[in-house]
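Every value quoted in this text rests on a predicted model; they were computed, and no experiment measured them. Below, read A as the first sequence line, B as the second, and so on, with proteins coming before strands; counting in each chain starts at 1.
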Amino acid sequence: MTENRFDPSNADGRWQRAWDAAGTFIADSDSDKPKSYILEMFPYPSGRIHMGHVRNYTMGDVLARYKKMQGCEVLHPMGWDAFGMPAENAAMEKKVHPGAWTRSNIEAMKEQLQRIGFALDWTREFATCDPEYYGHEQALFLDMYAGGLVYRRSSEVNWDPVDMTVLANEQVIDGKGWRSGAEVEKRKLDQWFLKITDFAEELLDGLGDLKHWPDKVRLMQENWIGKSSGLEFAFELSNGEKLPVYTTRSDTIFGASFCAIAADHPIAQGLTDDPAVAAFIEECKRGGTTAAELETADKLGFDTGITAKHPFTGEPMPVFIANFVLMDYGTGAVMGVPGHDQRDFEFATKYKLPIARVVASDPAQADAPMGGEAEPGDGVIVNSDFLDGKSVEDAKADVINRAEAGEWGKGTTVWRLRDWGISRQRYWGTPIPFIHCAKCDIVPVPKDQLPVTLPEDVDFETPGNPLERHPTWKHTTCPKCGGDAVRETDTLDTFTNSSWYFLRFASQPVDAPFDPVEVAKWMPVQHYIGGIEHAILHLLYARFWTRALSSIGKFDVKEPFAALFTQGMVTHETYHRDELLTPPADYVGDPANYAVRIWLSPDEVEFKDGKAFGKASGKPITVGRVVKMSKSKKNVVDPDNIIANYGADAVRWFMLSDSPPERDLPWSEAGIEGCYRFVQRLWRLFGQVDPSATGEDKALARKAHQAIVAVAEDIEALSFNKAVARIYELTGAAEKAAPSESRNFAIRAILHLIAPMMPHLAEEAHELLGESALIADAAWPDHDPAMLVEDEVTIAIQHKGKLRDTITAPKGAPKEDIEALALASEKVQRSIDGADIRKVIVVPDRLVNIVT
RNA sequence: GCGGGUGUGGCGGAAUGGUAGACGCCGGGGACUUAAAAUCCCCUGAUCCUAUAGAUCGUGUGGGUUCGAGUCCCACCACCCGCACCA
């Protein structure tokens with residue numbers, strides 16, 4: 001019996017050092033065990049580990065430790081996604097170098113991770129801002145360039161006219177620059193692109209093989225890639241030019257009443273001699289570049305005076321320049337069919353263009369008036385000459401056939417997916433390894449000159465790209481002609497860093513990005529875990545890089561992540577009070593609304609009689625909704641404090657308990673206390689193994705065997721909350737049982753079942769039980785299949801669809817016996833009350849339903 | 001605007017179309033203690049009630065399929081997430 005308590009402040013560090021000293025979690029790529037690569041999305045070194053990280057890495061850790069117990073050689077690495085804007089923001093605000101800031105964050109966060117006891121192979125750690133890493137990335141980029149997957153073209157960015165700098169979408173707030181407050185404009189710059197569209201078909205088809213990805217993520221990627229088929233054809237214009245357009249609704253061609261072209265369409269650009277056109281195009285440049293902004297903006301158009309000739313009717317239709325047409329999609333021009341497209345409808349309503357019905361629910365409705373909105377649905381074609389009476393699908397095919405026969409158009413496939421713009425006008429990223437020479441144009445940096453490293457001596461005092469302003473860095477000589485030349489000053493999008501890091505974890509030679517033979521030993525990643533916010537971009541880019549590298553012969557891997565799991569966020573209540581301010585003299589609203597909202601952190605709030613008050617002010621506090629932990633709402637709980645108070649295992653257990661892993665997990669103080677109590681409960685139980693105990697406790701032994709199987713299934717399905725519930729049940733049963741051999745078996749089983757989840761407690765108890773080896777190296781307990789089957793089952797008896805009674809019967813009892821037992825029940829007879837029995841449904845071992 | 005998701009007691013949630021609420025938290029009552037902490041035991045969806053029993057209602061809303069629906073189908077409501085330069 002142990003009366004003492006489990007002391008995490010002592011045990012945690014001791015076992016972490018023991019694992020470290022033994023090299024327990026160092027992955028051996030030469031091992032002949034089956035390999036298992038467990039990976040969580042690596043963190044951005046923002047400064048501190050937050051609860052979201054803890055949740056993410058705890059899940060991966062349980063899997064990694066479990067796989068090891070199942071006899072796998074496990075690769076479970078960790079590193080740092082270390083390039084990005086926050087480092088530059090810190091440089092501007094705190095006057096520290098982005099590299100220094102990042103390095104010190106990494107150091108602090110690594111220490112935090114180590115305190116949680118994760119089973120990580122730290123020998124493979126790297127940061128993407130290491131010149132070795134980004135140098136290899138530059139080499140891969142040059143290989144892709146050589147493979148024809150990289151090109152340059154002009155593309156729009158958010159431009160801050162006051163700070164004279166490019167803004168990221170998140171730096172645009174209500175259409176204004178976040179620092180300057182100036183109205184943001186769209187501006188065109190020459191930028192680098194990766195040809196992800198070459199892989200659109202492959203990336204789409206490949207989704208079908210990703211059986212262990214969530215359906216929702218595959219669906220989101222499918223919609224993002226957005227394959228559509230339709231008709232491309234050219235209108236003849238009144239000015240003699242041709243206007244190619246693309247439509248998915250060629251069936252509605254007789255309903256077209258105008259054409260619309262993008263503001264940066266060549267035809268629009270050709271009309272800028274007219275000051276009115278130039279002014280309108282200027283107008284279209286206002287506002288940001290996000291899809292949400294573009295699609296919710298008021299529809300604006302400018303009638304060019306040019307007309308387009310309808311290919312069937314020959315009728316002239318006005319050509320507008322319109323802000324809702326995207327140059328990047330299709331041909332940058334559309335035919336407007338207001339009756340059956342909502343955007344066209346709004347546009348036509350605004351500019352008083354005809355709105356014709358060409359699809360109806362049935363031919364008799366051909367002249368039904370249009371309602372207040374477009375009708376994009378299915379139906380029968382009407383008012384359309386030779387198409388009348390056809391279905392939408394038949395009409396599409398007919399129009400495409402006629403266009404192809406008449407050689408004025410053809411059926412085509414169009415993708416919503418656009419090529420990936422990777423140029424960033426920023427310092428803290430991978431320098432793009434190209435040189436601009438006046439004579440030789442654009443020249444790749446020779447591989448023996450890689451890495452192109454970032455200069456250290458930069459300042460962030462003046463706005464713009466520090467690489468551009470640096471006095472010497474960009475000046476170099478042309479590798480081709482030897483003349484004066486300048487380096488590319490754009491850096492790569494940080495998503496490129498996270499598009500191949502999993503390969504570098506698997507294999508890290510000095511002279512190459514990776515060794516294909518080593519990579520093949522580990523890839524694909526068996527379980528990849530991270531946030532749902534990465535469902536599209538990061539995951540699509542990583543899939544693309546893998547296929548692109550494969551296509552240029554770097555290795556033979558098609559899909560990087562065999563199974564994907566997207567975990568929910570860690571949330572917390574919010575606390576705030578609204579402080580009234582004195583409104584300025586010209587304020588017209590209700591003075592009661594002129595207030596500033598002050599957010600309080602959980603430790604600034606105290607509760608009295610169920611009401612919240614500010615600790616410092618004593619003022620009443622409003623308890624707000626439960627939302628993702630964020631600095632701005634101050635509802636953040638620091639893992640360090642929690643670990644100091646309760647130990648790593650209680651926190652890990654909390655992360656796995658209660659909420660299903662794909663859903664949000666609300667943090668609560670009461671919850672972590674409950675977990676801590678359970679840690680101590682287990683500690684007491686582990687101390688109760690009694691070597692002198694004899695005898696069998698069949699019911700308990702059966703529960704233990706069942707739990708060994710069920711917990712394994714739950715962990716493999718990542719249903720940690722269910723595994724936790726089963727362990728609670730078995731623990732309760734073991735506590736209540738009298739000493740016996742079976743009880744000793746059950747307690748040892750529990751010890752092994754919790755080992756992946758609460759490894760420090762498990763090691764400590766394992767040692768207490770006289771074991772000299774690490775439980776981290778132990779095997780998952782065996783079970784006896786004969787012990788999984790129950791001999792008796794409880795059968796529910798329903799009448800009129802409601803439960804009336806339950807009976808106990810031997811498992812597998814014949815239907816007739818069960819029916820007889822059910823009808824013999826007094827409660828059932830009372831419910832039936834003499835009514836005629838029409839039917840009795842018997843589900844063996846489950847239930848009887850009596851229908852009267 | 002487009003795309004995706006979620007909705008079950010006071011709270012987190014469980015439930016191959018088959019006993020709704022497992023398990024945990026909170027709360028209530030009790031035991032132990034000089035006292036407290038810790039620990040242990042019991043109760044804990046709502047309503048009715050003639051109360052150790054029994055009945056009715058109950059899984060966001062409204063319909064439907066079925067002997068039987070939290071689960072399947074249709075329509076709707078609310079909230080959350082993503083939208084290409086945040087990571």
Exercise for review: For A:Glu729, answer base if it contacts any base atom (sugar-phosphate contacts may also be present), sugar-phosphate if it contacts only those atoms, and nothing otherwise; contact means non-hydrogen atoms under 4.0 Å.
Suggested key: sugar-phosphate
Practice item. Assign A:Lys299 to base, sugar-phosphate, or nothing according to its heavy-atom contacts below 4.0 angstrom with the strands shown. Key: nothing
Exercise for review: Taking all heavy atoms of A:Phe42 and all of A:Tyr57, pick out the closest pair and write down the distance.
Suggested key: C-OH, 3.8 Å
Review point. Contact class for A:Ser423 (heavy atom, under 4.0 Å): base, sugar-phosphate, or nothing?
Key: base
Exercise for review: Name the first nucleotide and the last nucleotide along RNA chain B (5' to 3') that come under 4.0 Å of a heavy atom in chain A.
Suggested key: B:rG1 to B:rA87
Practice item. Would you classify A:Leu219 as touching base, sugar-phosphate or nothing, given that sugar-phosphate means primed atoms plus P, OP1 and OP2, and contacts are heavy atoms under 4.0 Å? Key: sugar-phosphate
Check your understanding: Could you spell out the base pairing of RNA chain B in dot-bracket, with Watson-Crick or G-U pairs whose two distances are under 3.5 Å, [ ] crossing and | to another strand?
Key -> (((((((..(((.....[....))).(((((.......))))).((((.....))))..(((((..]....))))))))))))....
Check your understanding: Taking the six-membered ring for Trp, is the centroid-to-centroid distance between A:Tyr134 and A:Phe83 below 6.0 Å?
Key -> yes
Review point. Under 6.0 Å between ring centres, would you say that holds for A:Tyr133 and A:Trp500?
Key: yes
Practice item. Give, for atom OG of A:Ser423 and atom CG of A:Leu194, the distance between the pair rounded to the nearest 0.5 Å. Key: 9.5 Å
**Study point:** Within 45° cone and under 6.0 Å: A:Arg418 NZ/CZ vs A:Tyr329 ring
**Key:** no
Exercise for review: List the steps and the verdict of side-chain hydrogen bond (donor to acceptor under 3.5 Å, both in side chains) for A:Glu346 and A:Thr349.
Suggested key: CA-CA 5 Å; A:Glu346 286 168 28; A:Thr349 305; over 6 Å; no
Review point. Hey, does A:Arg625 reach any base, or is it just sugar-phosphate, or nothing, if we go heavy atoms under 4.0 Å?
Key: sugar-phosphate
Review point. Which is true for A:Pro43 with a 4.0 Å heavy-atom rule: it touches a base, it touches only sugar-phosphate, or it touches nothing?
Key: nothing
Exercise for review: Scan A:Thr794 against the nucleic acid and name what it touches under 4.0 Å (heavy atoms): base, sugar-phosphate only, or nothing.
Suggested key: base
Review point. Base, sugar-phosphate, or nothing: which does A:Phe678 touch, judged by heavy atoms less than 4.0 Å apart?
Key: nothing
Point to revise | Sugar-phosphate, base or nothing in reach of A:Lys722, heavy atoms under 4.0 Å | key: sugar-phosphate
Exercise for review: Please assess A:Ile750 against A:Phe686 for the test side chain to side chain contact (heavy atoms under 4.5 Å, CB included), listing each intermediate value before the final yes or no.
Suggested key: CA-CA 9 Å; A:Ile750 294 169; A:Phe686 294 147; 4.0 Å; yes
Check your understanding: When the aromatic ring centroids of A:Phe678 and A:Trp653 are compared, is their separation below 6.0 Å?
Key -> yes
Review point. Do A:Phe654 and A:Tyr646 have ring centres separated by under 6.0 Å?
Key: no
Exercise for review: Select base, sugar-phosphate, or nothing to describe what A:Ser657 touches, counting heavy atoms under 4.0 Å on all strands.
Suggested key: nothing
Practice item. Please measure how far the C1' atom in B:rC77 lies from the corresponding atom in B:rU44, and state the result in whole Å. Key: 32 Å
Practice item. Determine the contact category for A:Lys800: base if any of its heavy atoms lies under 4.0 Å from a base atom, sugar-phosphate if only primed atoms, P, OP1 or OP2 are that close, otherwise nothing. Key: nothing
Exercise for review: Quick one: label A:Arg677 by what it contacts on the DNA or RNA (base, sugar-phosphate, nothing), any heavy atom closer than 4.0 Å.
Suggested key: sugar-phosphate
Exercise for review: Check every strand shown and say whether A:Gln342 touches a base, only sugar-phosphate, or nothing at a heavy-atom separation below 4.0 Å.
Suggested key: nothing
